[in-house]
Amino acid sequence: MIVFRNVRYYNGPGFSRPGSVWIRGSRIDRVSEDPDPKLPEGSEAVDGQGGYLIPGYIDLHAHGGRGCKFGDGDMEGTKTVLRCLASHGTTSCLAGPTVQPAEEIQRAIAVAVECGGQHVGANVLGVHLEGPFLNLERIGSNNTRCLQVPTVENYRRVAGDYADLIRRVTLAPELDEEFALTRYLSEQGVCVSAGHTAAPGDVFRRSIDAGVRMCTHFFNGMNPFHHRDPGVVGTGLLDDRVSAEMICDLVHLHPDAIRLVHRVKGPGRCVVSTDTTRYAAMPDGVYGGDGGLTIRDGVCRTAGGVLAGSVVPMHVQVQRLLREVGLGLSDVVRMTSVNAAALIGVSQSKGAVREGWDADLNLLDQNWELKKTMIMGKIFSPENQDFI
């Protein structure tokens, strides 16, 4: 038994008064309004010192970290990524292969799920396919050689035997004829997300009717807002059926852009994802592979100057939302955990500090510094890169 005492735990709309949260095995056993309870013999106490106990971050869009990426399909490299995510408070993720050949995607899925089952770091809740069904006009730094037309047949070929592990697919809806793939995925319970798209507003609205429920890295990889064609940006802001995913490193989006989306969509329709590349949490420098990338001042760009994903891990983005954007912690918890859990259908076990829920938790001090991360009832040590 592990007991977090003297903590203000997230209770849904906000935070409790100082109380305690009891962990038994991999679950939250009970929550209490007593900040200093008498502990059972043999239990371990974690003194929160009046800090905040929040649901662990759920990253629906991550590709890698510390020199490795999911798309490599390498066992040790995938474990490194999962440990890197856990080191920065991400307790669960969707493994994200990149735009690559079908056989490489399938290998990456198999390895990610196997590593996730070994509990070496962040949980793997499934897979996010960001492509290969993207629009060349808005491809960004992705591989252009492996793009495919979004059809049910092509999707089945890419997914192979792993379709039941795919929880989210990013596609360009304007390329999806009659939105057949969107409808198919939606019927399968997959979260369909519009991204790397040049869809006009009217086309995007019809794709929402067909089942699109998310916008991938909002504002990035899509046409800018125009007053005669609002596109994905304008239509996405106004339609409450879709959630807006944002990379909140303050490089991909200006703080005012984040404030705008937060104000229009509300905290219940905003999701923070990192889009971290293999170079996340690595020092500035010039790195080979992927066409040659440079990290300078924590910004990753291709040789041509195009942003190449983010290298800023989740908790750093959380701190920037709190300190520089000025959002409240309750809203940030919804944006980094609660909403993501709902979108991929795990909100009955994750995304809440509630009795019976999975013990995936982050302890923040009163200055919002990350002090402890617990994944399925075990505390992860960033220093040791292992559970203790």
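Fair warning: this is a prediction, and the values are worked out from it, not measured in the lab.
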Measuring from atom [atom1] of [X] to atom [atom2] of [Y], what distance do you get when rounded to the nearest 0.5 angstrom?
X      : Y      : atom1 : atom2 : result
Leu329 : Phe15  : CG    : CZ    : 3.5 Å
Asp360 : Ile54  : CG    : CD1   : 12.0 Å
Glu44  : Phe4   : CD    : CZ    : 8.5 Å
Thr276 : Ile247 : OG1   : CD1   : 9.5 Å
Leu181 : Leu171 : CG    : CG    : 5.5 Å
Thr78  : Arg83  : OG1   : CZ    : 10.5 Å

Spell out, as yes or no, whether a donor-acceptor pair under 3.5 Å connects the side chain of [X] to the backbone of [Y].
X      : Y      : answer
Asn123 : Thr91  : yes
Arg27  : Gly356 : yes
Asn339 : Arg334 : yes
Gln106 : Val158 : yes
Arg107 : Gly73  : yes
Lys350 : Gly56  : no
Ser20  : Asp34  : yes
Ser186 : Arg183 : no
Asn6   : Pro18  : no
Arg278 : Gly67  : yes

Of His315, Gln317, His88, the residue whose pairing with Tyr57 passes side-chain hydrogen bond (donor to acceptor under 3.5 Å, both in side chains):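 The single option meeting the side-chain hydrogen bond (donor to acceptor under 3.5 Å, both in side chains) with Tyr57 is His315.
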
Thr98, Asp275, Thr274 screened by side-chain hydrogen bond (donor to acceptor under 3.5 Å, both in side chains) with His63, the one that passes: Asp275

Report yes if the side chains of [X] and [Y] come closer than 4.5 Å at any heavy-atom pair, otherwise no.
X      : Y      : result
Cys191 : Arg167 : no
Val111 : Asp74  : no
Val272 : Met246 : no
Val251 : Val312 : no

[X] versus [Y], closest heavy-atom pair with distance:
X      : Y      : result
Ala86  : Ala122 : CB-N, 3.8 Å
Phe179 : Ser207 : CE2-CB, 3.7 Å
Ile2   : Gly377 : CD1-O, 3.9 Å
Ile23  : Ala359 : CG2-CB, 3.7 Å

Side chain to side chain contact (heavy atoms under 4.5 Å, CB included) between Asp239 and Phe204, worked out: CA-CA 10 Å; Asp239 198 307; Phe204 183 50; over 6 Å; no

Partner set under salt bridge (charged side-chain N to carboxylate O under 4.0 Å, His left out) for Glu324, not counting sequence neighbours: none

Test salt bridge (charged side-chain N to carboxylate O under 4.0 Å, His left out) applied to Arg157 - qualifying residues, sequence neighbours left out: Glu153

Hydrophobic clustering (ILVMFWY, side-chain heavy atoms < 4.5 Å, transitive) - are [Y] and [X] grouped together?
X      : Y      : result
Val233 : Ile258 : yes
Val333 : Leu370 : yes
Met376 : Met374 : no

Flag the pair [X] and [Y] as a salt bridge only when some basic side-chain nitrogen lies within less than 4.0 angstrom of an acidic carboxylate oxygen.
X      : Y      : value
Arg269 : Asp240 : no
Asp209 : Arg206 : no
Asp47  : Arg5   : no

For [X], does the [atom1] atom have more than 12 heavy-atom neighbours from other residues, nucleotides or ligands under 6.0 Å away?
X      : atom1 : value
Arg24  : CZ    : no
Asp161 : CG    : no
Gln118 : CD    : yes

Listed once per pair and sorted, the ring-ring contact (aromatic ring centres under 6.0 Å, His included) pairs that draw on residues 132-175, sequence neighbours left out: none

Side chains of Thr197 and Glu174, donor plus acceptor under 3.5 Å: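 Judged by distance alone, the side chains do pair up.
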
Check: Asn11/Ser16 side-chain N/O donor and acceptor closer than 3.5 Å: no

Contacts table for residues 210-223: side-chain donor-acceptor under 3.5 angstrom, sequence neighbours left out:
residue	atom	partner	partner atom	Å
Arg213	NH1	Ile208	O	2.9
Thr216	OG1	Arg168	NH2	3.0
Thr216	OG1	Thr170	OG1	2.7
Thr216	OG1	Ser193	OG	2.7
His217	ND1	Asn220	O	2.9
His217	NE2	Glu130	OE2	3.1
His217	NE2	His196	NE2	3.2
Asn220	ND2	His252	O	3.3
Asn223	OD1	Arg138	NE	3.0
Asn223	OD1	Arg138	NH2	3.2
Asn223	ND2	Ala198	O	3.4

Selection residues 367-380 - residue pairs positive for side chain to side chain donor-acceptor pair (under 3.5 Å), sequence neighbours left out: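 Side chain to side chain donor-acceptor pair (under 3.5 Å) check on residues 367-380 returns Gln319-Glu369, Arg323-Glu369, Asn362-Thr373.
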
Derivation and outcome, side chain to side chain contact (heavy atoms under 4.5 Å, CB included), residues Leu185 and Gln188: CA-CA 5 Å; Leu185 292 171; Gln188 301 300 310; 5.5 Å; no

For Phe380, all residues meeting ring pair (Phe, Tyr, Trp, His ring centres under 6.0 Å), sequence neighbours excluded: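 Residues passing ring pair (Phe, Tyr, Trp, His ring centres under 6.0 Å) with Phe380: Phe387.
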
Intermediate values then yes/no, side chain to side chain contact (heavy atoms under 4.5 Å, CB included), Val325 and Arg320: CA-CA 6 Å; Val325 180; Arg320 292 177 182 178; 5.7 Å; no

Candidate pair Asp59 and Thr90, rule side-chain hydrogen bond (donor to acceptor under 3.5 Å, both in side chains), full reasoning: CA-CA 7 Å; Asp59 196 344; Thr90 295; 4.7 Å; no

